[in-house]
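The structure under discussion appears below in the form of structure tokens.
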Amino acid sequence: MTTKLILYPNIKLWIAAIKPPMYCVAIMPIWIGTAVAFAETRVLHAAVFFTFLAAAILILAWENLSNDVFDSDTGIDINKRHSLVNLTGNRQLIFWLGNCFLSLGLLGILFISWWQKDLTLIGIILLCCGLGYLYQGPPFRLGYKGLGEILCFFAFGPLGVSAGYYSQTQSWSLTSLAASIIVGITTTLILFCSHFHQVKDDLAAGKLSPIVRLGTERGSQVLSLATGTIYAFILIFVVCGIFPYWTLLSWFSLPFAFKLCNHVAENYNQPLKVSNSKFIAIAVQFWCCLLLGIGFVL
């Protein structure tokens, strides 16, 4: 019994450190880009799609591990029990494991580029990786200057969705660009929500996150406004004929959006209670983007 009590919290910490739900962040840009491509061409290159998914998950694993490493260097994660560096006590192990994941992910993208005899895709993904490094990597650490959400929007929105579309068609699309706005906003909300519960740690480390700059109360208002724009954009794109009517299926994710906004509005000044808001934001992103993609496929 004692052994179980000791192991159970450790298992929960490891799961929190690995962040399994976060990996839908890597999947959705490719899913949406591929769905738009299928809607326009009625052709699906399944091998490319699944290879790209695997590569994207590996690259996001590098991003998560390297962020833990770089945060450990600044001391901002000193109270974060589920940091992989804190759990293992081995910064170098996490650093090189992350680089291994990055190498494998880029190898998958290179395979697709070689297969298609076109280096454009690897160029887009290298640019995404560059934005990911600028977010936390020294000497830039733009996330500490409050620019992380902007980097996140472009990496997972326009660049990520365009990469998913290009991998299927080797061309560009206005519809894909419009869809990337939805993916970019929903993904950025996840990062935005991750700051509400760690204002004290951010301030102590000199990290000027948007929530540090705005304050938690105003941040909760910005969150509600930004969440509303997701569904407004979808409706506008449908009315303008850019999106098919079926993409209004994404509005079935509204209950998660209401839950997110209400939860943060009620608990923005209570770090323990608001700390799970990013997981509600992940649910918003997952269901909204999943249903949006299904709308394109239909």
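Nothing fancy with the numbering, it's 1 onward along the sequence. Values in this document were obtained by computation on a predicted structure and should not be read as measured data.
- A single hydrophobic cluster is not seen to contain both Leu104 and Leu93; linkage of ILVMFWY side chains at heavy-atom distances under 4.5 Å, directly or through other members, places them apart.
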Tell me, with the steps shown, if Tyr135 and Ile150 meet side chain to side chain contact (heavy atoms under 4.5 Å, CB included). CA-CA 10 Å; Tyr135 171 59; Ile150 296 173; over 6 Å; no
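- Smallest separation of non-hydrogen atoms from Thr34 and Gly164: OG1-O, 3.9 Å.
- Looking only at side-chain heavy atoms (C-beta outward), Ile59 and Leu106 come within less than 4.5 Å of each other.
- Hydrophobic clustering (side-chain heavy atoms under 4.5 Å, transitive across Ile, Leu, Val, Met, Phe, Trp, Tyr) keeps Phe154 apart from Leu177.
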Where do Leu102 and Leu58 land on the side chain to side chain contact (heavy atoms under 4.5 Å, CB included) test, with the steps shown first? CA-CA 6 Å; Leu102 175 63; Leu58 287 166; over 6 Å; no
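- Checked against the 6.0 Å centroid criterion, the rings of Phe70 and Tyr133 qualify as a close aromatic pair.
- For the atom pair CD1 of Ile185 and CZ of Phe233, the computed distance is 5.0 Å after rounding to the nearest 0.5 Å.
- Using a distance-only test at 3.5 Å, with no hydrogens or angles considered, a donor-acceptor pair links the side chain of Arg213 to the main chain of Lys145.
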Can you check side chain to side chain contact (heavy atoms under 4.5 Å, CB included) on Leu260 and Phe279, steps first, answer last? CA-CA 9 Å; Leu260 173 65; Phe279 295 107; over 6 Å; no
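- Checking side-chain atoms of Gln168 against main-chain N and O of Gly33 turns up no donor-acceptor pair under 3.5 Å.
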Apply side chain to side chain contact (heavy atoms under 4.5 Å, CB included) to residues Leu298 and Leu249 and explain how you reach the verdict. CA-CA 10 Å; Leu298 292 176; Leu249 281 171; 3.9 Å; yes
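- Here the CG atom belonging to Leu191 is positioned 9.0 Å from the OG atom belonging to Ser209, to the nearest 0.5 angstrom.
- A donor-acceptor contact shorter than 3.5 Å links the side chain of Ser224 to the backbone of Ser220.
- Leu235 is listed as a side-chain neighbour of Trp251, based on a closest heavy-atom distance under 4.5 Å.
- Contact detail for Ala178 and Ile242: the closest heavy-atom pair is CB-CG2, 3.9 Å.
- Of all heavy-atom pairs spanning Cys289 and Ile32, the tightest one is O-CD1, 3.1 Å.
- Side-chain contact check for Ile282 versus Met22: some heavy-atom pair is nearer than 4.5 Å.
- Using a 4.5 Å heavy-atom threshold, the side chains of Cys288 and Ile234 count as touching.
- A donor-acceptor contact closer than 3.5 angstrom is absent between the side chains of Asn276 and His197.
- Between Val183 and Trp31, the closest side-chain pair of non-hydrogen atoms is not below 4.5 Å.
- Under the 4.5 Å side-chain heavy-atom criterion for grouping Ile, Leu, Val, Met, Phe, Trp and Tyr, Leu107 is not connected to Leu97 through any hydrophobic cluster.
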Checking side chain to side chain donor-acceptor pair (under 3.5 Å) for the pair Thr120/Tyr166: CA distance, chi angles, key distance, verdict? CA-CA 8 Å; Thr120 304; Tyr166 194 91; 3.3 Å; yes
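- Both Val239 and Leu254 are members of a single hydrophobic cluster when ILVMFWY side chains are connected at heavy-atom separations under 4.5 Å.
- Counting heavy atoms from C-beta on, the side chains of Leu65 and Trp62 never come closer than 4.5 Å.
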Between Ser173 and Glu40, is the side chain to side chain donor-acceptor pair (under 3.5 Å) condition met? List the steps. CA-CA 9 Å; Ser173 162; Glu40 294 181 351; 3.0 Å; yes
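- Scanning both residues, Ala257 and Thr227, for their nearest heavy atoms gives CB-CG2, 3.6 Å.
- A donor-acceptor pair is defined here as one N or O able to donate and one able to accept, closer than 3.5 Å; no such pair exists between the side chain of Ser162 and the backbone of Leu159.
- With rounding to the nearest 0.5 Å, the separation of CG in Leu290 from CE in Met28 is 5.0 Å.
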Show your reasoning for whether side chain to side chain donor-acceptor pair (under 3.5 Å) applies to Thr187 and Gln285. CA-CA 6 Å; Thr187 307; Gln285 194 242 19; 3.0 Å; yes
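- The shortest distance between side-chain heavy atoms of Ile125 and Phe52 falls below 4.5 Å.
- Counting heavy atoms from C-beta on, the side chains of Leu189 and Ile230 come closer than 4.5 Å.
- Atom CD of Gln116 and atom CD of Gln170 lie 4.0 Å apart (nearest 0.5 Å).
- With 3.5 Å as the limit, one finds a donor-acceptor pair spanning the side chains of Glu149 and His195.
- Going from atom OG of Ser167 over to atom NE2 of His45 covers 8.5 Å, rounded to the nearest 0.5 Å.
- Between Phe153 and Gly184, the shortest heavy-atom distance links the atoms CD1-C, 3.4 Å.
- Trp287 and Phe256 have parallel rings, their planes meeting at less than 30° on a 0 to 90° scale where 60° marks the start of perpendicular.
- The aromatic rings of Phe192 and Phe196 stand perpendicular to each other, their planes meeting at an angle above 60°, with 30° marking the opposite boundary.
- Counted within 6.0 Å of CH2 on Trp96, heavy atoms from surrounding residues, nucleotides or ligands total 12 or fewer; the atom is thus considered open.
- Rounding to the nearest 0.5 Å gives a distance of 14.0 Å between CZ of Phe252 and CG of Leu292.
- Of the listed residues (Tyr245, Tyr165, Trp246, Phe243), just one forms a ring-ring contact (aromatic ring centres under 6.0 Å, His included) with Phe296, and that residue is Phe243.
- The two residues Thr51 and Gly108 come nearest to each other via the heavy atoms CG2-O, 3.8 Å.
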